[in-house]
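Here is the structure we will look at.
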Amino acid sequence: ESEQSVWRIGVSQCSDDAWRTQLNREIEREALFYPGVSLEFKSAHDDSQQQIKDIETLVNDGVDLLVVAPNEVSAITPIIEKIYQKGIPVVLVDRKIDSESYTAYVGADNYEMGYQIGQYIVNRLGGQGNVVELTGLSDSSPAMERHRGLKEALTESGHVNLLATVDAGWRLQDAEQVFDSVLTCYPEINLVFAQNDRMGVGARNVAVRRNRSKDMLFVGVDALPGKGHGVELVSDGLFDATFIYPTGGDCVMQVAMRILQHKPYERMNLLSTALVNRENARIMLMQTQHIETLDGKIELLDKQLDEFLLRYSSQRMFLLACVVI
Ligand code: FRU
């Protein structure tokens, strides 16, 4: 019925977890403001070969624009170059590729965030101590950038040692596995920096089991709201701090639409981060709960509007039928 042109946006996520669920939900909610847009989501479950297939499927399905969080830099760069050269706009979210063949990027500056975390750690340890870092997949761009930033800040400090940097693939179970041997190798660890909260939880579980959790602080990244996530971990005193890694799904959708509608847009859309520590975790919990309620109401309104329109159009059909008779 609608006169509006229809746009199809494909979203290829590298993983499937609470952070991505929040991002996808924000994209969907923002899409409510753009009638005539349809979304198709895929998740590669941390498998680059799967992501290549997902991207090919989305392109074969005829999407007009691709939103993608590339699992690993070298594995995913070629397929993105290929589809970008076909003329399909590509919006990278959160993770990057090793090429200029993309239309726009939406996400935080992971190097800068790593650097800020490093500075926080130096301060927190009073300028000296031993740190262990758990990284995400070592060929994914946030893992590399967070590491570079952290290292830079610790090196500048002079007396905070980075004892070890270990790949735990962004996952809780992997972190539990690798951190067990880390604990055996290093008798004195003052702080664990996990590149995401999930791996921090894994590391902490092991430290609790080995009776060493009281000896060290845990710092993570993501700071998701909700049960068992980063903000609560800090508020409950299990983590020393975490840093907000903004999902920014609304921004992703806005940039995508500007591109599709041939309006001017920014190529680099940098989202900002912030420290969550015991000073502000409780207030953040309260505020995010409130936002969650409001988000739910927007979704409810949308559903009610749909039902109303459906009823309205069937009544109109009925009236038209009466007039014809
Ligand atoms: C979610 C996630 C986050 C992390 C980000 C890095 O899939 O693992 O926890 O901050 O990806 O790309």
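Predicted, not measured: the structure shown is a model, and the values here were computed from it. This chain uses plain numbering: 1 for the first residue, then up along the sequence. Order of listing sets the numbers, starting from 1, for every ligand and every atom in it.
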Identify all side-chain donor-acceptor contacts of residues 57-64 below 3.5 Å with residues at least two apart in sequence or on another chain.
{"from": "Thr57", "atom 1": "OG1", "to": "Lys53", "atom 2": "O", "distance (Å)": "2.8"}
{"from": "Asn60", "atom 1": "ND2", "to": "Glu56", "atom 2": "O", "distance (Å)": "3.3"}
{"from": "Asp64", "atom 1": "OD2", "to": "Arg8", "atom 2": "N", "distance (Å)": "2.7"}

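The contact shell of ligand 1, taken as protein residues with any non-hydrogen atom closer than 4.0 angstrom, comprises Ser15, Asp17, Trp19, Arg20, Asp94, Arg95, Pro142, Arg146, Trp170, Asn196, Arg198, Asp222, Tyr245.
Within 6.0 Å of the CZ atom in Arg210, the count of heavy atoms belonging to other residues, nucleotides or ligands does not exceed 12. Counting non-hydrogen atoms of other residues, nucleotides and ligands closer than 6.0 Å to CD of Glu266 gives a total of 12 or fewer.
Residue Val11 is grouped with residue Val91 when hydrophobic side chains (ILVMFWY) are merged at heavy-atom distances under 4.5 angstrom, including chains of intermediate members.
In this view, Tyr245 and Trp19 satisfy the ring pair (Phe, Tyr, Trp, His ring centres under 6.0 Å) rule, not counting sequence neighbours.
Sorted by first and then second residue, the salt bridge (charged side-chain N to carboxylate O under 4.0 Å, His left out) pairs with a member in residues 246-261 form an empty list; sequence neighbours excluded.
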